[in-house]
Novice: 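Once you've had a glance at the structure underneath, I'll fire off some questions.
So you know, we letter chains A, B, ... as the sequences are listed, proteins then strands, and number each from 1.
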Amino acid sequence: MNIEHLLADAIHESLRALYGQDADDKQIQLQRTKREFEGHLTLVVFPLLRLSRKKPAETAQEIGTYLQEHTELVEKFNAVNGFLNLTVAPAKWVELLDSIHANPRYGFTAPAADAPLVMIEYSSPNTNKPLHLGHVRNNLLGWSLAQILEANGNRVVKTNIVNDRGIHICKSMLAWLKYGNGETPETSGKKGDHLIGDYYVAFDQHYRAQVKDLAAQFEAQGMDAEAAKARAEKEAPLMQEAHEMLVKWEQGDPQVRALWRRMNEWVYAGFDETYQALGVSFDKIYYESDTYLEGRKQVLEGLEKGLFYRKADGSVWADLTKEGLDEKLLLRADGTSVYMTQDIGTAKMRFQDFPIDKMIYVVGNEQNYHFQVLSILLDRLGFEWGKSLVHFSYGMVELPNGKMKSREGTVVDADDLIAEMVSQARRTADEAGKFDDMDEAEKDKVARIVGMGALKYFLLKVDARKNMLFNPEESIDFNGNTGPFIQYTYARIRSVLRKAADAGIQLPATLPADVEISTKEEEIIQHVAEFAAVVRQAGQDYSPSAVASYCYDLVKEYNQFYHDFSILREADEKKKLFRLVLSANVAKVVRLGMSLLGIEMPERM
RNA sequence: GGUUCCGUAGCUCAGUUGGAUUAGAGCAACGCCCUUCUAAGGCGUGGGUCCAGGGUUCGAAUCCCUGCGGAAUCACCA
C-alpha cells in the first residue's frame, strides 16, 4: 500500500468523472505539501488546466471536492491558486505504518533468479603504492552502488581489476634491488603496500637526481633547457634499467617474474587489510597480467576484420573520427599493449565468465575520455553491453591547497586516515563519558563503527560527480550532518526499545485503528514511507548521496519531534505503542538506508 | 584551442524530470535548555545579487544562448 499511488488513482478517476478525459501519469504531480500550508500532499493542477479549461483555483476546488466526497483517503483539502493541498485521513497513516512495520526489509526488492546481472568494477589499484583518500572514495562508492543495485532487485557481481604489471611495478622492484637491504614486510614491520610504496618513492628520488645531473651535462653541451630535460628523462640510466626489466618481465624471465610475484603478494596482503577495514569485498578479481594478452588478441582479430588499421611503423590504431573523436592507439609499434588494449581484454574475459547484462565502471572523472572511447570500441568488437556501459564517473578529492601530490607529500594515506578516524571516535566518546559502562571489546567495536561511519558518510553524502574538499586540519566532524549523528539517533531508539522490552511491552503486529496521532507524526510516517521511492530513485540515478540525504533528513525530523517526549512514560497505552512502533520503523528504515552506504549501526554509543 | 564537468551563506554541501511571498542543512559566531527514554542532542539570533547578462513561460537556482571563473581530458603513462 502506498498513499501516493492510491491518491494518484483517485485523481485519475476524478478527472474522468469531472472532465470526461484522463491525464498521463506524468501530469499528476504530487509532492509533499510545503510546511506553511495545511495538508500532506499537494497536487499541482497547472498541467491539468488543458483538461478542465478552467482557472487554476477553480480546477483545484473541483478536484478537491470530488476527492473528498468520493474517497476515504482525503479527509479535507484547501486550494491555493494552482496548488491543491490534500489532507489524508489519519486512519490511512496508521494502516500505512502497519504495512511498513510488517516488512522487515521495507523498500528492498529481492533479486529474482532471472534478474539482470550487473557487474560493477571498482577499486582497481596499481600495485606500486598504498591506497589513498581518492581510492577510499572509489571503494566506498563502488560498494555502495553494489548495495543499492542489489536492493533494487539486480544480481550484482563486484569485481576488481588489479593493475599488477607495467613500468610502475618495475620501478619499485628495481629500487628494492638497488637501494634496499632485502627487507620484507616481516623484517621491516611495514605493511606490504607501504613497503613497496616507499621503494617507488625511492626510485623517483634517485631518478630525479639522475635527470638533473644529466640535463645539466646536456645543457653544458649547448642544448636548451627543455630539450636537455626531455632527453635526460629518457636517457637516465635508472629509467633504462626499468624498461629493460619490463621487457624481461614480458619475456617471462624467471628471476624477474619471481621477484614480481613475491612483491605483489606483499602488496595484496596490505590491500586486503585496508579493504577489510573499509568493509568492502569483491566477488571476482582480475589481474591485468592475465588480461593484457587477451586484449592484444582481440585487437588483432579486429584488425583482420578491418575494424582497425595498421600504420607504417607497425602500430595499430582505431579511427574514431566518425564518432567525432581522434584516432586511438591500440598496440605500440613493438606489439605491446596500452591501457585501452588491456581494458578490451578484461572485457572479453569478463564476458566469457559471466552473462553480463550491464557493466558499470567506477573510475574517476579524469578518465571520461577513455571510457567514451572504450564504449565505442567494445561496441565495434561486438560486445552487447559495450554501447550501454556505464562509466560511473566521480570527482577528485581535493585538499585545501589543491590536488593530492605524492611528490609534495600531501597524499592522505587510507590506512592513516582510518586509524585516525577510529581513535578520534574513541577519544570523543571517552570525553563524553559514553564508554563508562562498556568493556574493552565493545569500546573497540563502537569506536570502529562510529569512526568509519563518520568517514564513509562524509565521502558518500556529496554528489559523486563533484570534486570535493577534504581538510585534514579540521578533519571529519562527529556533529551535525554526519554519520555519527544518524548512528546516535539510531542507538537512542534502540535503547528505548530495549527498555520497553525489559518492561514487558511487546510491539503489536497491527496498531489499533483509533489511535490519535498528531500532524507531525503523520508527517514522520509519510517520511518513512518515502524510503521505498528513495531506494528506487537511487537505483536509477546511481546515487548514494540521495540515500545519505534521506537518512539525515528523516533522523533530524524524528529528533526534532521526539526530543522532548518521554515515550515510555506516556500514559495512554495506545499512544505509547504507536510511538514505539513508529520509532522502531524509523530505526529500521535508517539502518537499511545506511547499510546501502556500507555504514554499520551501533546498538549503543 | 577542442570536448566534458562544475560555480548556491564566511567555510563544507543539499536542493536541478521547471512550481507556491521567506532558496535549505551542517560547521564557524552569539544566546538559551541536562532531577523526565543517551546533550555526539534540542531551541533561538545573525548571515544569500543561487557567477554575470540575455532568452523560453503562468512560473527559472533548475531549461536554452553568450560571457566570466575553476577542474579534468585531448600521451606509444596506467
Novice: Considering only the C1' atoms, how many Å lie between rC6(B) and rC50(B), rounded to the nearest integer?
Specialist: 14 Å
Novice: With under 30° as parallel and over 60° as perpendicular, where do the rings of F392(A) and Y542(A) fit, or are they tilted in between?
Specialist: perpendicular
Novice: Could you tell me how the ring of F46(A) sits relative to the ring of F83(A): parallel (under 30°), tilted (30 to 60°) or perpendicular (over 60°)?
Specialist: perpendicular
Novice: Under 4.0 Å, counting only non-hydrogen atoms across every strand here, what does Q372(A) touch: a base, just sugar-phosphate, or nothing?
Specialist: nothing
Novice: RNA chain B: R165(A) or K403(A), which has the more 5' nearest nucleotide?
Specialist: K403(A)
Novice: Does K443(A) NZ have over 12 foreign heavy atoms under 6.0 Å away?
Specialist: yes
Novice: What distance, rounded to whole Å, do you find between the two P atoms, one in rU56(B) and one in rC65(B)?
Specialist: 15 Å
Novice: Walk along RNA chain B from 5' to 3' and tell me the first and last nucleotide with an atom closer than 4.0 Å to a non-hydrogen atom of chain A.
Specialist: rC6(B) to rA78(B)
Novice: Counting the atoms with a prime plus P, OP1 and OP2 as sugar-phosphate, which does T489(A) contact under 4.0 Å by heavy atoms, base, sugar-phosphate, or nothing?
Specialist: nothing
Novice: How far does the P atom of rC58(B) sit from the matching atom of rU22(B), given to the nearest Å?
Specialist: 22 Å
Novice: Answer yes or no: are there more than 12 heavy-atom neighbours, outside K34(A) itself, under 6.0 Å from its atom NZ?
Specialist: no
Novice: Looking for any heavy atom pair under 4.0 Å, which part of the strands does Y552(A) touch: base, sugar-phosphate only, or nothing?
Specialist: sugar-phosphate
Novice: For N85(A), answer base if it contacts any base atom (sugar-phosphate contacts may also be present), sugar-phosphate if it contacts only those atoms, and nothing otherwise; contact means non-hydrogen atoms under 4.0 Å.
Specialist: base
Novice: Identify whether any heavy atom of R604(A) sits under 4.0 Å from a base atom; if not, whether one sits that close to sugar-phosphate; answer base, sugar-phosphate or nothing.
Specialist: base
Novice: How far does the P atom of rA61(B) sit from the matching atom of rU16(B), given to the nearest Å?
Specialist: 14 Å
Novice: Hey, does L469(A) reach any base, or is it just sugar-phosphate, or nothing, if we go heavy atoms under 4.0 Å?
Specialist: sugar-phosphate
Novice: If you look at every strand shown and take non-hydrogen atoms under 4.0 Å, does D553(A) touch a base, only sugar-phosphate, or nothing?
Specialist: nothing
Novice: Considering every strand and a 4.0 Å limit on heavy-atom distances, what is the contact class for R492(A): base, sugar-phosphate, or nothing?
Specialist: base
Novice: With a 3.5 Å distance limit and no angle check, can you tell me whether R296(A) reaches the backbone of G335(A) through a side-chain donor-acceptor pair?
Specialist: yes
Novice: If you look at every strand shown and take non-hydrogen atoms under 4.0 Å, does K34(A) touch a base, only sugar-phosphate, or nothing?
Specialist: base
Novice: When all nucleic acid strands are considered with a 4.0 Å heavy-atom cut-off, which category describes Y369(A): base, sugar-phosphate, or nothing?
Specialist: sugar-phosphate
Novice: Please classify rC11(B) as syn or anti, treating any glycosidic angle within 90° of 0 as syn.
Specialist: anti
Novice: Distance between the C1' atoms of rU35(B) and rA9(B), in whole angstroms?
Specialist: 40 Å
Novice: Could you tell me the Watson-Crick or G-U partner of rA14(B), where both distances fall under 3.5 Å? Say none if there is no partner.
Specialist: none
Novice: Write down the distance separating the P atoms in rA60(B) and rC51(B), rounded off to the nearest Å.
Specialist: 15 Å
Novice: Provide the distance between the two C1' atoms, one in rU38(B) and one in rA14(B), to the nearest whole Å.
Specialist: 28 Å
Novice: If rU3(B) has a Watson-Crick or G-U wobble mate with both distances under 3.5 Å, name it; if not, just say none.
Specialist: rA72(B)
Novice: Hey, could you give me each pair passing ring pair (Phe, Tyr, Trp, His ring centres under 6.0 Å) that has a residue in residues 557-577 of chain A? Not counting sequence neighbours.
Specialist: Y558(A)-Y562(A), F561(A)-F565(A), Y562(A)-F565(A)
Novice: Checking E442(A) side chain against R604(A) main chain: does a donor-acceptor pair fall under 3.5 Å?
Specialist: no
Novice: Which value, in whole Å, describes the distance between the P atoms of nucleotides rU66(B) and rG1(B)?
Specialist: 15 Å
Novice: If each of V44(A) and F435(A) is mapped to the nucleotide of RNA chain B with the nearest heavy atom, which maps nearer the 5' terminus, i.e. the 5' end?
Specialist: V44(A)
Novice: Could you tell me whether S549(A) contacts a base, only the sugar-phosphate backbone, or nothing, with contacts defined as non-hydrogen atoms closer than 4.0 Å?
Specialist: sugar-phosphate
Novice: Considering every strand shown, what is the Watson-Crick or G-U wobble mate of rU36(B) when both distances are under 3.5 Å?
Specialist: none
Novice: Base, sugar-phosphate, or nothing for F485(A), non-hydrogen atoms under 4.0 angstrom?
Specialist: sugar-phosphate
Novice: How would you label the contact of E288(A) with the nucleic acid (heavy atoms, under 4.0 Å): base, sugar-phosphate, or nothing?
Specialist: sugar-phosphate
Novice: By the 4.0 Å heavy-atom rule, please label A500(A) as base, sugar-phosphate, or nothing.
Specialist: nothing
Novice: Has T410(A) got a side-chain atom pairing as donor or acceptor with K405(A)'s backbone, closer than 3.5 angstrom?
Specialist: yes
Novice: Once you apply the 3.5 Å cut-off to both distances, tell me the Watson-Crick or G-U wobble partner of rC30(B), or none.
Specialist: rG44(B)
Novice: Over 60° means perpendicular and under 30° means parallel, so classify the ring planes of F531(A) and Y550(A), tilted if in between.
Specialist: tilted
